[in-house]
Every structure is written in structure tokens, then in C-alpha cells.
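Accompanying notes for the structure given below.
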Amino acid sequence: MNGKMPIRQMKESSEQHLVIKTHLQNSMNPSLKQPKTAQNGKGPPTQEPYNAKTNNQPSPPTKNRGRRRGRGGRKSDQGDVCMRPSSRPCTVAHKPVPENLVVGTPSGSSVENVVHACEMDVGFPSSSKSLSFARRPGFGQVGTKCIVKANHFFAQLPDKDLNQYDVTITPEVASRNVNRAIMAELVRLYKETDLGMRLPAYDGRKSLYTAGELPFTWKEFNVKLIEEEDAVHGPKRERHYKVVLKFVAKANLHHLGQFLAGKRADAPQEALQILDIVLRELSNKRYCPVGRSFFSPDIRVPQRLGEGLESWCGFYQSIRPTQMGLSLNIDMASAAFIEPLPVIEFVGQLLGKDVLSRPLSDADRIKIKKALRGVKVEVTHRANIRRKYRVSGLTSQPTRELVFPVDENSTMKSVVEYFQEMYGFTIQHGHLPCLQVGNQKKANYLPMEACKIVEGQRYSKRLNEKQITALLKVTCQRPKDREQDILKTVEHNAYDQDPYAKEFGIRISEKLASVEARILPAPWLKYHDTGKEKNCLPQVGQWNMMNKKMINGMTVSRWACINFSRSVQESVARGFCSELAQMCQVSGMEFNTEPVIPIYNARPEQVEKALKHVYHASMNKTKGKELELVLAILPDNNGSLYGDLKRICETDLGLMSQCCLTKHVFKISKQYLANVSLKINVKMGGRNTVLLDAISCRIPLVSDVPTIIFGADVTHPENGEDSSPSIAAVVASQDWPEVTKYAGLVCAQAHRQELIQDLYKTWQDPVRGTVSGGMIRDLLVSFRKATGQKPLRIIFYRDGVSEGQFYQVLLYELDAIRKACASLEPNYQPPVTFIVVQKRHHTRLFANNHRDRSSTDKSGNILPGTVVDTKICHPTEFDFYLCSHAGIQGTSRPAHYHVLWDENNFTADAIQSLTNNLCYTYARCTRSVSVVPPAYYAHLAAFRARFYLEPEMQENGSNGHPSKGTRTAGDLGVRPLPALKENVKRVMFYC
């Protein structure tokens, strides 16, 4: 099989999803009483008591006790009144984890890994088929109503039977393109006879789909394929294939219709998959497919990106189930492709120098080998033949020195002689190495000058900064232009003339979907009372620090500066530090104007030595008082310096640092200094601003009881890195009711593992026995220490999860949250709301009238606060699109929030307003941001932690084992990250 489920199996799978809600509700016992507090600080024998100070615990209201929201979506009765911490004793029935929530284990992990040998009385889920996501509780009403356009095109549901056939090709073929060529030839030969005039759609692997049945249930065909690419006018190679088609099942379109109408909760994935393949069939033949996108040099003239790369324009296409019915989501796309150049010209561009006259260095060879490995080339030295090969390596010797055996007697011949005698081709540049093609055992040599790169090869490795900038210039389109290009794409694709769409009875609208939206109001922000402006109402997603002081400005008495930039003279560095200190003071911090020791100049390669010298010299000067902050002036291009500095400061010295680039030191901007002062304040443990509603206790389902808000993300290694670990990060609010300060924890886990392994874990200690730990547990404990309260509500924003991973991530991570809570106190199960945040989607929202300036921001984008939860959203589940930020350039991308689990009974208005308001509390700037801050902070923390990897792990990954006495992070073979210092964990070090 090819990884796809046959229709019958998929149908059974999707129908079993219906049992989930019942499983969960039946297993949650609403008669449980609020857990009693441990007396005299007693708790689990192996850990500190969690509930030592619970006399003043606030309580959730009792009106919704033990209730799960049903289909009707009754609104929550909570949130209009502030409940002070001492209001009344808690009587809410907290819900234990369901006994039979799950089936199976996450892919790539064993049962032992998942359960962590946990013996708690908390059931582990047994199947993803026993869980249903939160249903929409109703639609939002808050905000100013308006109309926006979305890049969704209505697709009329076909009225024909859809049939699936299994395809077996012998001999087996690995290439989808070759598979497609075989099936295209089969259809050409047999459409009017054996196929009964049917025009099938093919997925390129194991499945063929038809509208209506074929005249057989099983049939074998013989297909002869001529490999056109091997020759122009010369001999053509023929290959013979046997193809067997076998009927599998029919797709249930009635089921799909019921799902779109909101009458069924489970999506019929097989029917959606067939329709998606049908609508992609013609584009697969016309364009170069990459994932769900299609590219072509003919859509727009390719632009050079440098070093042998060029950008191709294209479009993204996907069929989606929405409230308006089936929708075809079309968006513009761009990608980097390898320019189809003669190889010598490509190498010249790659190295940025003339390679025809100068010999190559070892570094040059390595760079060429890395760039060309896996790339397809065609030979140009034979007049009528264009054979294609895939590059496997580069010779260490120049072409003029290469010899190889030409017969069984090991008679040797030089490559130069062979090409001259065999093809009459004189090699001009013998000083260059040859390309090695084919397998390593039997090396075939091709001179570079006899090869050209084949067109249409996407470049999937990391782009450098110049290439990224060049690609962004191509992709950055104003909303009006992007909308026009999308409409032109739909017109050009002419779905009404598409023979496959016609065959299957699919009709696509050519008009953008018109959608009702609302613009949520910006929240009032609170600043310190000593400033001229105590409160602030942001305008169009932004404000500034003029006449305002940070609500909790910190004190920095002992700081130092290290200058790593040769071009910055000491007097310039001193002036910059003085200006920055003044800005910190003006912004509301107490900041000593003089450093502890004079500014220290150091070379970038001596970063560790410089940091330790400054740290200890400052300690000596202040008679043992620790340095609080180091300012570092870095060269604009600083390589690994930034990462090394952060790693040493945060995991070795326990020292906060603030890096500034040389270009900002020379060109001092008040706005830049103000933003840096915001970052310094939160790194020192302060708050810049808070929501006025938060300190007035007016945030529904946050202000009434102690609430902790989590953010979580996993960052994976770049393409091409096969063994580097993935990095998981979790942040959690540490203040209530302000919910503004977030502590963060990070860990390494198995390569490309999306499930966060260290949310909760147990291990055996020789003295204490079974010990509980993990990021969730640690952050719950730190919340308790910081606030004196234990959280009675959990809101969990999870970033970076694709739709296909929703079930798996929710099952595993919700279970970890449950176990972490239960490990702190028996029966401690605060209600959880679990929300996935997605930015990597292709829905774009446009103003209904681009000429109406009142409906757009300065960049022409929709206004910040625009929320959509109708028409283009899920037919039954609780999701919404929110554009919380003002655009700067290009077309804004709204964030997509999907509430997978909700025990707090949020209304649509409550979760949408909370999410939008939180976007105004981001610590690093005075703008609302595009993603809710806890998720944003988790992303920053995970990105930061990649600098903590040891150098060989960063470059090659690591299969090494941890040293004696250390535990692996998540999976065996993944070396743990160096631990953050305790004082670093408590503050927003990642900002």
C-alpha cells in the first residue's frame, strides 16, 4: 500500500469518531468534590506539596458545574463579575481524565515512552477514534460588522458515484511522473474500449478514481512506454509494464453532503481526497507540482535569486469543507528553483567568481558538491541525445587526471581521451573536477562542460539572507494585486473547461467568497500612574511609549558592555550605552547610567573568554554582587557569535544579555532604543503594560479564578538535516490576573517528533523512588510560587500543528496535562481549553472595497481585529480566523484558531476577544501581533534553544549518548539541552 487507506477502511475509521464525545462525557464524573487541600503541607511522598497555601483559593462559579456544552452551545454564565480571591470556597466539580480516552500510541514512540511508567489512577486514551473536537457553541456577535472577501471559491458537489480502483504496476516504479506517464498511455490506448469511455483521475501511486463504474472489477493491461527524455532524434528506449486495475469501493457522497450541512461530525476524508485529486489532475500535467502547489516559469518571468537559483511563481490549490459547502482555496505561491544553466555557469554563480581560469579550492569543491548532490543534469555533448542523470558527487581530482578501466583487463583510459575518441568532444577545462553520476559503486564521470541542469527542480535547502530578501520581493504583493492575480489564476485554469472536472461533475465558481466579518475593538492598556498617559487605546493596531511609563519598571544597578565590533570606537559605544540608559529611565526603569567596569573590547572568536572576564571583573568590583545585565555590540554579520553568547549567558553564567547590531549603534533611533528598553525590562522580570480589563478583573473566564495560559511549539531542523533533534518549548503565564509575564522551558526531542515528549514524565530515583516532572508540572509549580495560587483553569495555545496531527497531538498532550496536574495533588484536574494556532495556511481576507480607506489600514489590508467564524470556517467545529495585526507590507495572513477541546465552556465572543486582546500584550514592541503572544513566545524560546545545541549537533545532528548521570530528553539517543539557570527560567529571556 502507499499509505492511503482504502475507502471502506477510511469509512469505518471516520464513523468511529462519533463515539468520542460520549466516551469523554461518560468518563467525567460530575459528582466529584473539589479536592481537599493537604494538611500540614503533606503531599505525594516524592515531591513538594503543591497546595500548601490554599486557604484563599478563589473558586469558579457553580452554575456550569459538571456540564459539557452540547450542540446547542448555551453561552457561559461566567465572566461578567470579578471574583476576588477570597470570594467563596470552591465548589466546582473538576473533571478527572477519562478512563477510556485513547487507543494506540503516537507514531515513533513506544508505549513505555508514552506512559512513562506512570502508575497514577489516570486512564490513558486508547484510540483517536474515541475523541471528538469541541463543537461550535454559536457565532460571535461582538464588534463592528463588515463584509470581506476570501480566496475561497464555491465548488458544487457532484451528483455522480465516485469509485476507487487499486493500481498495481509491474515492474514497480518509484517515480510518480513515470507512473503518471504509464497511466496516461493506458488511458490513451483503452479509454474508448476497455475503460468504457471513462476519463479516470490518478493519484500517481496506488489509486485510480472514476465517475461511475468501469466495465470490470479486475483487469490486466499491457503498456509500452517510450522514454522520450533520452533522445531527440536518436534511438528511443522502450519499457514494458503490466498494469492491474482492481475495484476497491465507492465513496459516500451522501455522507459528505450531511457533513457539509452540519448533520454529521465526522468528515468523509476519502470523498474529499478524490475530489482534490480530480481537480489537480489537469494542473499536474500543465505545471510542476510541489506539495499542494503548482509552479511554472510561464506564469511570470522567473527572477534571479543569486548563486544559481531563481524564483518561480505558481499557485496553491486545495479543496476544503466549509460552512458554505465545498470550497476551493486558491492562493498565489512562489518557490526557489535551480536555474537551468550549463553546469559551469551555475558553479560560477554559486561561487561568485570566474571558475574557467582559476583552480578550485577545497572549500569550493565542498560547496559545489553540496549544491549539486541529487540534482538532475542532462548531457549536451551528443547532438541528438539528451540523457538525464542525477548527480551523486564530485571527483577529488581534476578532469585531466581522471582515468578509468575500459575493459575486463583493467585497461585504463583517461576521461579526456575517452570523450575525444568516443564523441569527438574536446574537453576545454581539464582543471575542473567531473560530476559523478549514478551509484557510488560504479562511478560514471561527466565533465562539467558537457552538462546542463534540467529545468523544473525545486531547491529545498536553506536560502541565505540575500536569497530570502530577493524571494520576499517577488512574493510581497499588496492585497489588491494579490486578489487580482488569484482571480486571473482561476480564470486561466478554466475549471469549467477542465475535462476531469466535467467528467466528475464538479463546477467551480469564479468569484471570491463574500464573507460576513466583525472588527473587534482594541483593548485599553494600562501604564504606570506616574506617566502623563496612564491608559492607552491603540489606534489601528499600534501605539507608542511617548508620555508613558512601564507599569512595572525594573531596576538595573549593575551592568556592563562588551564591544565585539571592530568598526565601533569606544567613544561611539559609550555614547550609545548612555542614550540607551537614558531611554530605559524615561520609559520607567531605574537604570544606572554608568557600567560597573569600562566598556570591554573583544574579538568575536573570544566570546566565552570575554563574557567570563567581564562577569568576574564586575563581581570583583562590586564585592561579590552579581552582574545583572550585559550589553553586547555585535558586527552586522556575526555568524555564530549571537548564538554562542546567548548559550553561555543563559546556560552557564545565568546572566541576562541584550545584543545590538553595529548599524543601530551608528544610527541611533529613538524608536529602536524604546523597543530595546522594552526587551530589557521583561528580561529583568518587569512588565511593560497590562490589559486594563485584566487588572479590573473584567476578562471572561480568566479574571474570575486563577487562570494559567500556556503556549507551546516545536521547531524542527531545516530540510536536509537528517539527525538534528527537534526543539520543544512551553511558556506559561506567571501572573494573575494580569496574564502578561511568561516563564519558558525548552527541551530537545527526537528528530521531527511533533508531540511534545517532556510535557510530563516520571523517572526512578534511588532515594526518592518514582519522581514526577516535566515542563507542564514545573510551570504549574512556578505559577503557584509566583502567585500564591494554584491554577483553577488552564488555557493552552498550541502552535505548529497541521490538521492531520490534530487528534494525535490533542490525545497525547491533553493526557500529559492531566497527569501533570494529578501528580501535584490527588484529584487536581482544572478544566482545560486546548486551542491550536495555525499560520501556515492559505486563506487570505481582502477588503470588500479597496478604495474605501476606512475599511483598510495604511498597507491596504483589512483592519486589525477582523474576525471571521462563518461561511469559510469548519461546518461544525469551533474555529475562527483572526487578523489581529496591522499590515506593514504585502498581504496580511490571518491566524487560524481551532478550539479542539473546551471544558471551560467559552462562548465564541469570549475566546475571540481574549485572543485578540492578548495580541496587544506582546512585550517586544508597541504593536498588536499576528499570533497570540504565548504561542509567539513559545516559538521564540524554541528558536533560541537551537543555539544551545552543541556545535556538532547543530551541524550534523547527534547520535551520541548523554554523559553518565544525565537523562535523555524524550527519546533515547537525543542528548538533553544544557539546563537553563534558575534565574533565567523565571523571566522572559527569549524576548
Do Y897 and Q838 get their side chains close enough for a donor-acceptor pair, meaning under 3.5 Å?
no
Donor-acceptor pair between T593 and Q582 side chains, under 3.5 angstrom
no
Does any donor atom in the side chain of S657 or K646 lie under 3.5 Å from an acceptor atom in the other side chain?
yes
If you measure from the Lys or Arg side-chain nitrogens to the Asp or Glu carboxylate oxygens, is any gap between D799 and K839 under 4.0 Å?
no
Check whether the side chains of S726 and H716 place a donor and an acceptor atom closer than 3.5 Å, and report yes or no.
yes
For the residue pair F796 and F834, does the interplanar ring angle fall in the parallel (under 30°), tilted (30 to 60°) or perpendicular (over 60°) class?
parallel
Return yes when atom CD of Q569 has more than 12 non-hydrogen atoms of other residues, nucleotides or ligands closer than 6.0 Å, and no otherwise.
no
Considering all heavy atoms of both residues, which atom of P604 and which atom of P635 are nearest to each other, and what is their separation?
CG-CG, 4.4 Å
Nearest heavy-atom approach of S928 to A886 is OG-N, 4.3 Å
Taking K621 for the side chain and M619 for the main chain, is one N or O donor matched with an acceptor at less than 3.5 Å?
no
What is the ring orientation for F943 with F947, classed by angle as parallel under 30°, tilted 30 to 60°, or perpendicular over 60°?
perpendicular
Do S782 and Q734 pass the side-chain hydrogen bond (donor to acceptor under 3.5 Å, both in side chains) test, and can you show the C-alpha distance, the side-chain angles, and the key distance before you say yes or no?
CA-CA 7 Å; S782 65; Q734 300 293 291; 2.7 Å; yes
Just by distance, with hydrogens left out, do S823 and R777 show a side-chain donor and acceptor under 3.5 Å apart?
yes
Donor-acceptor side-chain pairing of S859 and N861 below 3.5 angstrom:
yes
Close aromatic pair by centroid cut-off 6.0 Å: W736 and F783
no
Please tell me whether Y922 and Y936 form a close aromatic pair, meaning their ring centres lie under 6.0 Å apart.
yes
In terms of heavy-atom contacts, C821 and I794 come closest through SG-CD1, 3.8 Å
Measuring only between side-chain heavy atoms, which start at C-beta, is L611 closer than 4.5 Å to E608?
no
Return yes if a side-chain donor-acceptor contact under 3.5 Å exists between W524 and Y920, otherwise no.
no
Donor + acceptor pair across side chains of H939, D713 (<3.5 Å):
yes
